[in-house]
Protein chains: 2
Amino acid sequence: MKTLVICSGGLDSVSLAHKVAAEQTLTGLVSFDYGQRHSKELGFAAACAQRLGVPHQVIDIRDIGRQLSGSALTDDVAVPDGHYAEESMRITVVPNRNAIMLAIAFGVAAARQDEAVGVAVHGGDHFIYPDCRPDFIDAFQAMQDRALDGYANVRLYAPFVNVSKADIVTEGARHATPFDQTWSCYKGGEIHCGRCGTCVERREAFDLARLPDPTPYADADFWRDAVEAKRA
Amino acid sequence: MKTLVICSGGLDSVSLAHKVAAEQTLTGLVSFDYGQRHSKELGFAAACAQRLGVPHQVIDIRDIGRQLSGSALTDDVAVPDGHYAEESMRITVVPNRNAIMLAIAFGVAAARQDEAVGVAVHGGDHFIYPDCRPDFIDAFQAMQDRALDGYANVRLYAPFVNVSKADIVTEGARHATPFDQTWSCYKGGEIHCGRCGTCVERREAFDLARLPDPTPYADADFWRDAVEAKRA
């Protein structure tokens with residue numbers, strides 16, 4: 001199946017790109033520049049495309065980002081530390097982001113005559129992001145089937161929608177994903193901060209998968225306390 | 001109901017803006033710059049917002065337009081003359097355009113705490129545009145209900161989805177829509193060409209609604225032959 005993968009340069013989507021390249025026909029990567037603070041992620045997406053020998057399209061949707069205010073990913077709001085704290089993660093939500101990116105990716109896939117769009121939404125995001133849940137994925141496919149009826153038939157491929165981030169690490173390792181060539185941190189340092197929600201989640205995922213984490217962190221131990229506090 | 005209206009500056013969406021302003025709470029107009037050949041439309045949308053005393057947001061999605069090739073609205077492909085000719089109109093389709101614009105508009109509405117997004121899709125487009133059909137509208141709402149679950153509750157208001165363009169003219173006239181301040185033509189002249197698919201459809205709609213068409217056309221009589229040819 002000719003599959004276009006949405007790739008942010010993060011651990012999940014780079015792992016997905018490697019999985020698709022191994023199991024299906026990867027036709028390209030598409031990334032979105034929505035005005036995220038740090039373009040480091042996009043560089044890792046470009047490196048992934050080069051490694052896998054496919055074209056990389058970066059679609060500029062910064063003007064959409066500007067109009068959807070209130071998000072720490074694009075605005076001058078402090079990114080919270082910690083893990084699994086629903087209120088502190090809500091601030092990182094860009095309203096309707098997945099629906100917007102998926103709709104654009106389906107347009108690109110239809111124009112390119114691809115058969116599928118791959119997206120790395122995963123089970124660990126369900127509790128806070130409604131647009132990462134299985135019922136959203138199903139409803140999105142149903143919407144697209146009607147929107148493209150008679151023009152194109154594009155499947156939404158979301159193989160991580162019911163698995164944890166630790167399972168993604170396991171699957172990524174199976175396909176030789178170079179995890180040090182992926183970026184998760186919401187902050188803007190030279191290396192991963194180790195303290196923000198995604199850094200803690202990333203570090204914990206390697207621990208649960210019982211695989212070495214090749215990522216250098218500014219604060220390499222913060223995650224243990226955060227995870228213990230959450231489990232308590 | 002606080003409603004944001006997607007307004008291209010065309011007859012349908014300007015009529016919708018006037019209808020919403022009269023019947024509900026119009027909070028603003030949003031237009032999309034997707035690299036359409038002519039910005040004349042967007043000027044009419046801005047004039048509509050000013051007339052109705054609401055803000056006008058223009059969202060730049062030109063980079064998306066560039067990536068979705070094959071459309072006469074954005075590429076250097078000749079726009080066909082005529083009416084109701086399915087093949088000649090297919091060329092004017094930007095893949096997934098309505099899904100993309102609606103998803104963005106829902107994000108804007110959620111960010112602004114609006115309660116509805118108004119869109120002027122209409123019955124006359126069903127035969128060629130799948131993303132103007134009632135089952136698409138219903139599926140889109142179902143998708144958004146899941147995407148925004150817990151964050152926002154935004155309704156899709158598409159009052160023209162089952163009516164003809166003639167009915168829109170009737171409804172627009174009821175709300176004193178200044179039709180001469182709307183733009184339909186797919187070509188780039190000073191005035192409406194009178195020959196392209198949308199000009200013919202526009203002229204016929206006034207005829208069927210038995211209302212005077214204030215639009216100056218370069219070729220004011222072409223529509224009769226096109227409609228007769230279609231009806232034969």
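A, B, ... follow the sequence lines: proteins, then strands. Residue 1 opens every chain. As a basis for the values below, the full set of heavy atoms in this structure was taken, side chains included, without hydrogen atoms, waters or symmetry mates.
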Task: Listed once per pair and sorted, the salt bridge (Lys or Arg N to Asp or Glu O under 4.0 Å) pairs that draw on residues 19-28 of chain B, sequence neighbours left out - done: B:Lys19-B:Glu23, B:Lys19-B:Glu171, B:Glu23-B:Arg174
Task: From CA spacing to verdict: side-chain hydrogen bond (donor to acceptor under 3.5 Å, both in side chains), B:Ser15, B:Asp12 - done: CA-CA 5 Å; B:Ser15 294; B:Asp12 304 341; over 6 Å; no
Open item on the list: Between the side chains of B:Arg133 and B:Asp135, is the shortest nitrogen-to-carboxylate-oxygen separation below 4.0 Å, so that they form an ion pair?
Closed with: no
Task: Heavy-atom contact with chain A under 4.5 Å, split by part of B:Gln141 - done: neither
Open item on the list: I need the residue from B:Ile100, B:Ile137, B:Asp131 with the largest number of non-hydrogen atom pairs under 4.5 Å to chain A.
Closed with: B:Ile100
Open item on the list: For the interface with chain B, which of A:Asp138, A:Leu102, A:Val30, A:Ile104 has the highest count of heavy-atom pairs at distances below 4.5 Å?
Closed with: A:Ile104
Task: Contacting moiety of A:Ile61, where chain B heavy atoms sit under 4.5 Å - done: side chain
Open item on the list: So, using ring-ring contact (aromatic ring centres under 6.0 Å, His included) as the criterion, who are the partners of B:Phe136 when residues are at least two apart?
Closed with: B:Phe140
Task: When B:Ala103, B:Ala139, B:Pro130 are compared by non-hydrogen pairs under 4.5 Å with chain A, the top option - done: B:Pro130
Task: Region of B:Ala142 that comes under 4.5 Å of a non-hydrogen atom in chain A - done: backbone
Open item on the list: For a 4.5 angstrom cut-off between non-hydrogen side-chain atoms, does A:Asp60 reach B:Arg62?
Closed with: no
Task: Toward chain B: residues of residues 45-58 of chain A with heavy atoms under 4.5 Å - done: A:Gln57, A:Val58
Open item on the list: What I'd like to find out is whether the side chain of B:Tyr34 reaches to under 4.5 Å of the side chain of B:Met101, using heavy atoms alone.
Closed with: yes
Open item on the list: Just so I know, are the side chains of A:Ile59 and A:Val108 near enough to count as touching, which here means a heavy-atom distance under 4.5 Å?
Closed with: yes
- [ ] For A:Asn98, check side chain to side chain donor-acceptor pair (under 3.5 Å) against everything at least two apart and list the hits.
- [x] none
Task: Audit row: B:Asp114, B:Arg112, salt bridge (Lys or Arg N to Asp or Glu O under 4.0 Å) steps and yes/no - done: CA-CA 5 Å; B:Asp114 284 324; B:Arg112 294 165 42 124; 2.9 Å; yes
